[in-house]
Amino acid sequence: MNQKAKKITKIVVNVLLWIFLILSLLMTILAFSAQASNAGYPKLGKTCLLTVLSDSMNGPDGFKKGDLIICRALDDDEKKDLQVGDVVSFYADLVGDGNKALNTHRIIERNVDEGGNVTYVTQGDNREVSFVPDSPIGVDQIEAIWTGKRIGGLGSVIQFLQSSTGFLVCIVLPLAAFFIYELVVMIMTINKMRNKDKKQITQEEEEMIKQRAIEEYLAKQSAQSAEKQDGQDGSGGDN
């Protein structure tokens, strides 16, 4: 491999490793922010990052399964002033098992009773999935409002990375490869610096040294044979 190819390969490897390193750092930040918010989802200040788990909002003005939607957390006063058409994230018992999960649907009705208590009726944009309106929700169930921003498919990627398999394949192994690669580079650099002052011989010089060694060996063998022959001739003259 020539020097240019080696240089290009090194650059590509470094770029890939740094991408994985940045990705792992991002996932770590998201994981810690999810734990810190006590809500089960990443929350940075008032910005909430939610993964869409169904196609109930799949439509021209909505989002689809696998998207990452960016929402804004609401305070108590803001929760009371929501309007029809707003898309909100709220906790509700979605399957009737008593466990509440986060859901994101559009407000289709706003109601205020005589005591001034505000409730909302929501429903998904995709009527093929969200057949009927949801049960009315109170302001205490509402978490955030959708900002209208989404990143297609990124939610599925983050969800996979947060799984054990995804974390191992996309975070742990690349990080291990990164540190091993950097260790090898460091060792090679140290060895190169150590051998910097040592005389380097070319392939032609190496061949010449080998040829000279062979010639010296053959000359030595020839001298030994001549000495042996002289000894035999001397012994024959005494008889």
Side-chain angles (χ1 to χ4, degrees), residues 26-27 30-167:
L26 176 61
M27 291 308 304
L30 292 177
F32 275 109
S33 65
Q35 293 178 356
S37 68
N38 295 320
Y41 58 83
K43 186 177 180 182
L44 304 173
K46 281 198 168 187
T47 301
C48 310
L49 304 176
L50 305 178
T51 298
V52 182
L53 301 179
S54 76
D55 275 324
S56 64
M57 284 294 294
N58 191 359
D61 300 320
F63 38 79
K64 60 184 179 179
K65 182 179 180 180
D67 288 352
L68 181 74
I69 59 174
I70 302 174
C71 301
R72 179 175 60 84
L74 299 172
D75 57 34
D76 292 339
D77 291 334
E78 290 176 318
K79 293 176 182 179
K80 296 177 183 179
D81 292 331
L82 296 170
Q83 303 299 320
V84 172
D86 289 337
V87 177
V88 294
S89 298
F90 56 92
Y91 278 102
D93 183 358
L94 302 178
V95 294
D97 60 356
N99 296 319
K100 292 185 177 182
L102 199 62
N103 193 23
T104 304
H105 276 173
R106 192 180 302 277
I107 295 176
I108 60 172
E109 187 179 324
R110 182 179 186 272
N111 299 305
V112 184
D113 63 18
E114 294 179 355
N117 297 313
V118 180
T119 58
Y120 302 98
V121 177
T122 60
Q123 188 174 4
D125 290 352
N126 186 356
R127 297 297 194 265
E128 294 181 1
V129 176
S130 185
F131 306 104
V132 296
D134 307 317
S135 300
I137 58 173
V139 294
D140 59 325
Q141 294 175 252
I142 298 173
E143 284 282 309
I145 184 172
W146 181 41
T147 62
K149 299 177 181 179
R150 69 181 181 89
I151 304 175
L154 185 58
S156 296
V157 174
I158 292 178
Q159 191 176 18
F160 173 71
L161 292 176
Q162 288 177 332
S163 67
S164 299
T165 302
F167 187 78

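When a residue number appears, it is its place in the shown sequence, counting from 1.
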Original post:
Quick one: are Ile70 and Leu49 in side-chain contact, heavy atoms under 4.5 Å?
Top reply: yes
Subject >> Separation between NZ of Lys149 and CG of Asp67, rounded to the nearest 0.5 Å >> reply: 15.5 Å
**OP:** Output the distance between atom OG (Ser56) and atom CZ (Phe63), rounded to the nearest 0.5 Å.
**Re:** 7.0 Å
Original post:
Backbone N or O of Thr147 within a donor-acceptor pair of the Arg150 side chain at under 3.5 Å?
Top reply: no
Original post:
Which pair of heavy atoms, one from Thr122 and one from His105, lies closest together, and at what distance?
Top reply: CB-CB, 3.8 Å
**OP:** Would you check if the side chain of Asn126 reaches a backbone N or O of Asp55 as a donor-acceptor pair within less than 3.5 Å?
**Re:** yes
**OP:** State, yes or no, whether a side-chain contact exists between Ile145 and Leu82 at a heavy-atom distance under 4.5 Å.
**Re:** yes
Subject >> Thr104 side chain near Val52 side chain, heavy-atom distance below 4.5 Å >> reply: no
**OP:** Can you measure from CG (Leu50) to CD1 (Ile69) and round to the nearest 0.5 angstrom?
**Re:** 5.0 Å
**OP:** Search all heavy atoms of Gln123 against all heavy atoms of Phe131 and return the closest pair with its distance.
**Re:** NE2-O, 3.4 Å
Original post:
Closest approach of Asp61 and Trp146, non-hydrogen atoms and distance?
Top reply: O-CZ3, 3.4 Å
**OP:** Over all heavy atoms of both residues, which pair between Gln83 and Asp81 is shortest? Give the atoms and the distance, please.
**Re:** NE2-O, 3.0 Å
**OP:** Output yes when a side-chain donor or acceptor of Asp93 lies under 3.5 Å from a complementary backbone atom of Asp97, and no otherwise.
**Re:** yes
Subject >> Contact check, side chains of Ile108 and Pro133, non-hydrogen atoms, under 4.5 Å >> reply: yes
Original post:
If we only count heavy atoms from C-beta on, is the Cys48 to Glu143 side-chain gap below 4.5 Å?
Top reply: no
**OP:** State, to 0.1 Å, how close Leu74 and Glu78 come at their nearest heavy-atom pair, and which atoms those are.
**Re:** CA-OE1, 3.4 Å
Original post:
Does the side chain of Asp76 come within less than 4.5 Å of Val139's, by heavy atoms?
Top reply: no
Subject >> Spacing of CG belonging to Asn111 relative to OG1 belonging to Thr119, to within rounding of 0.5 Å >> reply: 4.5 Å
**OP:** Kindly compute the distance separating NZ (Lys65) from OG (Ser156), expressed to the nearest 0.5 Å.
**Re:** 7.5 Å
Subject >> Non-hydrogen atoms of Phe90 and Ile142 that approach each other most closely >> reply: CB-CA, 4.0 Å
Original post:
Between CD of Glu109 and CG of Asp134, what distance do you get to the nearest 0.5 Å?
Top reply: 12.0 Å
Subject >> Any donor-acceptor N/O pair, Tyr120 side chain to Arg106 backbone, under 3.5 Å >> reply: no
